Amino acid sequence: GFWEKETRRKVQEKAQKLTPHVLWHQLICNINVAKERVLKRTKENPDELLVDEKCFNDRLSRYEQITDDEHLNVEKHFSG
């Protein structure tokens with residue numbers, strides 16, 4: 001995902017060179033549920049992307065919520 005605001009800004013600029021209709025998808029859920037799902041996925045699929053608890057917590061500490069001042073076209077998806 002695009003966790004940091006600056007990264008989203010850069011990607012938005014590049015994407016708009018390809019199409020004026022850039023759509024972002026944001027999954028909104030309880031952080032404990034998200035962590036549980038990620039750790040379960042890692043455990044059940046060891047040959048795929050490894051995200052252990054340390055990695056999850058590190059990425060979470062860098063996460064910046066998408067804000068209105070970014071002026072992104074965002075479709076929000078809500079989950080447990």
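Owing to the predicted nature of the structure, the values given are computational and were not obtained by experimental measurement.
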> Would Lys5 and Thr67 satisfy side chain to side chain contact (heavy atoms under 4.5 Å, CB included), going step by step from the backbone distance to the final call?
Replying inline: CA-CA 9 Å; Lys5 187 174 186 174; Thr67 58; 3.9 Å; yes

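Within the structure, the side-chain hydrogen bond (donor to acceptor under 3.5 Å, both in side chains) test picks out the following pairs touching residues 9-23 (sequence neighbours left out): Glu6-Arg9, Arg9-Glu13, Gln12-Trp24.
Considering CD of Gln26 and NE2 of His77, their distance stands at 9.0 Å, rounded to 0.5 Å. In this structure, CZ in Arg37 is found 7.5 Å from CG in Leu27, a value given to the nearest 0.5 Å.
Nearest heavy-atom pair across Glu64 and Glu4 is OE1-CA, 3.3 Å. The nearest pair of heavy atoms linking Ile31 to Leu60 is CD1-CD1, 3.6 Å. Contact detail for Leu39 and Val51: the closest heavy-atom pair is CD2-O, 3.6 Å. Nearest heavy atoms, Phe2 versus Arg8: O-NH1, 2.9 Å.
Atom CD of Glu36 has 12 or fewer heavy atoms from other residues, nucleotides or ligands within 6.0 Å. Within a 6.0 Å sphere centred on CG of Asp68, heavy atoms belonging to other residues, nucleotides or ligands number 12 at most.
The shortest distance between side-chain heavy atoms of Ser79 and Val33 does not fall below 4.5 Å. Side-chain contact between Arg41 and Val38: present, with at least one pair of heavy atoms (C-beta onward) separated by less than 4.5 Å.
Taking the six-membered ring for Trp and thresholds of 30 and 60 degrees, Trp3 and Tyr63 have ring planes more than 60 degrees apart, a perpendicular arrangement.
For Asp52, the salt bridge (charged side-chain N to carboxylate O under 4.0 Å, His left out) test picks out no residue, with sequence neighbours left out.
Looking only at distances, no side-chain donor or acceptor of Asp58 sits under 3.5 Å from a matching main-chain atom of Lys54.
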